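Step one of this worksheet: look at the structure below.
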There are 2 protein chains.
Amino acid sequence: MPKDTFFNLPSDKRERIVEAALSEFEENAFDQASTNKIIEQSGISKGSFYQYFDDKKDLYKYLIQLIVESKLKYITPAMQNPFNHDFFEVIHDMNEAGLKFALDQPRYLKIGTRLMQDKNHALYKEIIAENQERAMEVYSALVKNAMERGELRADIDVGFTARIIFIMSTEIVSLTTNNSYENLTENLTEILDKLMNLLAYGIKKTEGKND
Amino acid sequence: MPKDTFFNLPSDKRERIVEAALSEFEENAFDQASTNKIIEQSGISKGSFYQYFDDKKDLYKYLIQLIVESKLKYITPAMQNPFNHDFFEVIHDMNEAGLKFALDQPRYLKIGTRLMQDKNHALYKEIIAENQERAMEVYSALVKNAMERGELRADIDVGFTARIIFIMSTEIVSLTTNNSYENLTENLTEILDKLMNLLAYGIKKTEGKND
DNA sequence: TTACAATATGACTACAGAGTCACATGACTC
DNA sequence: GAGTCATGTGACTCTGTAGTCATATTGTAA
């Protein structure tokens, strides 16, 4: 957590620092990112930086907190009473919210994605791992509930399905972008529909579900 | 490409260098990896290193080449006459081969995965991007062919499905490991079956496919 | 005006990185 | 033995890094 001196700062100065940090961490992973550059770009002195933050990690974790808070604002509405809604509708709405977040907050997305990528990094374990466990529990509960209500095939594996849905939620962004997070196009709902359709029905031609 | 001096080296020395480089790039992404450490660990002098390789990137690309060649050895058998076999069988066998590779060559896997992860890195674009395009073309042809033979629903999107299958092939490893590439368990075929089942039939309870 | 605390500053330390270069060594030919 | 060429060497340069600290500035309260 940043120190009081940081939060006591006039808001424009504080924003300049956050702005500079976002830019730096957007372009570089934690180890690559340079506090020197952040200091330079935000126009504060080195000494001041260390009066605001314990170290580079302190600042970084603060940014991640901002990002998580922001993303939660998007996701939570889709999670109201998830056990009373149609399972596929809940999953759809969550992914839709995630895409909206990606569209609205591209730099947040980029920083978050960077963190998610390096699963071997100590920071990943420190910041992400446990939250991910919680997410998996939520997904598992959703799947289990939907099975009990007869919405899902009875022979599927709950944990496996939960993980698939989790991976879906992280990969859907890359599905919509040809791998460069810059050009998020407008056919998001189209791609989301295709994905939901695949999740529900698969792609094999069967007696029940022909063309 | 390494210089002739490298290939003229006595094989034990050459292997020591490759070994040291694999270790370093296994533990660190390209930018983090230290040539100094590779030099130290392989017991050669700094000057020699630069007589073998143009620079750090030269060595790295050589390793990637070894990795790609190794992976191809696993995958190609599954790709013999792909248009005459059952579509799901081909996909199954390819993924199975990929998992075998992951099991047999964990350090290759780790280095390769690291490279795949940082899609923003210049090296990703230099090394991966075009190969990925080619992979997508192969997958697309497979999907299209299977549709024409009536194996797949006629209403699916070829490009989308090809991308799903591509993502599947990269994500299946993480599905089998709870995110640490160390403990690849033995229930690989089980997970692969579940994944193939999902791809084919989805998870929704329908008239055609109950329980 | 004085006194004191909070904040600001940037030169500085200590370290690590990639890559260079003048020189040393060893092998092979004449 | 002399000459030549490929290869080996490590001290060195240059650049960048995170973090520190003695000193200066500012704000506030008496």
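Predicted model only: the values in this text are computed from it and were never measured. Just so we're on the same page: letters track the sequence lines, and every chain starts at 1. Scope of the values below: all heavy atoms of this structure, side chains included, with no hydrogens, waters or symmetry mates.
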Exercise. Nearest 0.5 Å please: distance from the CD1 atom of Ile156(A) over to the CD1 atom of Ile164(A).
Key: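 If I round to the nearest 0.5 Å, the distance is 10.5 Å.
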Practice problem: Carefully, step by step, assess Met79(A) and Val138(A) under the rule side chain to side chain contact (heavy atoms under 4.5 Å, CB included). | Solution: CA-CA 10 Å; Met79(A) 293 288 283; Val138(A) 172; 3.5 Å; yes
Quiz item: Would Lys56(B) count as a cation-pi partner of Phe30(B), with NZ or CZ less than 6.0 Å from the six-membered ring centre and within 45° of the ring normal?
Solution: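 Satisfied, under 6.0 Å and within 45°.
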Exercise. Tell me yes or no: between the side chains of Asn28(B) and Lys37(B), is some donor less than 3.5 Å from an acceptor?
Key: no
Quiz item: Is there a donor in the side chain of Arg14(A) and an acceptor in the side chain of Asn8(A), or the other way round, less than 3.5 Å apart?
Solution: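 Asn8(A) and Arg14(A) do not have a side-chain donor-acceptor pair below 3.5 Å.
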Exercise. Taking ring-ring contact (aromatic ring centres under 6.0 Å, His included) as the test, write out the residues that go with Phe25(B), two or more places apart.
Key: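 Tyr60(B).
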Quiz item: Are Glu96(A) and Lys100(A) ion-paired here, with the side-chain N under 4.0 Å from a carboxylate O?
Solution: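 Answer for the salt bridge query: no.
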Quiz item: Are any of the side-chain nitrogens in Lys125(A) or Glu130(A) under 4.0 Å away from the carboxylate oxygens of its partner?
Solution: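 Looking at Lys125(A) and Glu130(A), the cut-off is not met.
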Exercise. Compare every heavy atom of Tyr74(A) with every heavy atom of Ser70(A), then report the nearest pair and how far apart it is.
Key: O-CD1, 3.1 Å
Exercise. Determine which pairs satisfy salt bridge (charged side-chain N to carboxylate O under 4.0 Å, His left out) with at least one residue from residues 23-35 of chain A, sequence neighbours left out, and list them in order.
Key: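 Non-adjacent pairs meeting salt bridge (charged side-chain N to carboxylate O under 4.0 Å, His left out): Glu26(A)-Arg107(A).
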Exercise. Decide yes or no on ring-ring contact (aromatic ring centres under 6.0 Å, His included) for Phe7(B) and Tyr52(B), but give the supporting numbers first.
Key: CA-CA 8 Å; Phe7(B) 293 109; Tyr52(B) 305 149; over 10 Å; no
Quiz item: Taking the side chain as C-beta and beyond, is there a heavy-atom pair between Ile67(B) and Phe101(B) under 4.5 Å?
Solution: yes
Quiz item: Among residues 12-20 of chain A, which residues get a heavy atom nearer than 4.0 Å to DNA chain C?
Solution: Lys13(A)
Exercise. Enumerate the residues from residues 33-55 of chain B whose closest heavy atom to DNA chain C is under 4.0 Å, giving them by residue number; use none for an empty result.
Key: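 By residue number: Ala33(B), Ser34(B), Thr35(B), Asn36(B), Lys37(B), Lys46(B), Gly47(B), Tyr50(B), Asp55(B).
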Quiz item: Which nucleotide span of DNA chain D, 5' end to 3' end, has atoms closer than 4.0 Å to non-hydrogen atoms of chain A?
Solution: dT17(D) to dC21(D)
Practice problem: On DNA chain C, reading 5' to 3', which nucleotide is the first and which the last to sit with an atom under 4.0 Å from a heavy atom of chain B, could you check? | Solution: dG17(C) to dC21(C)
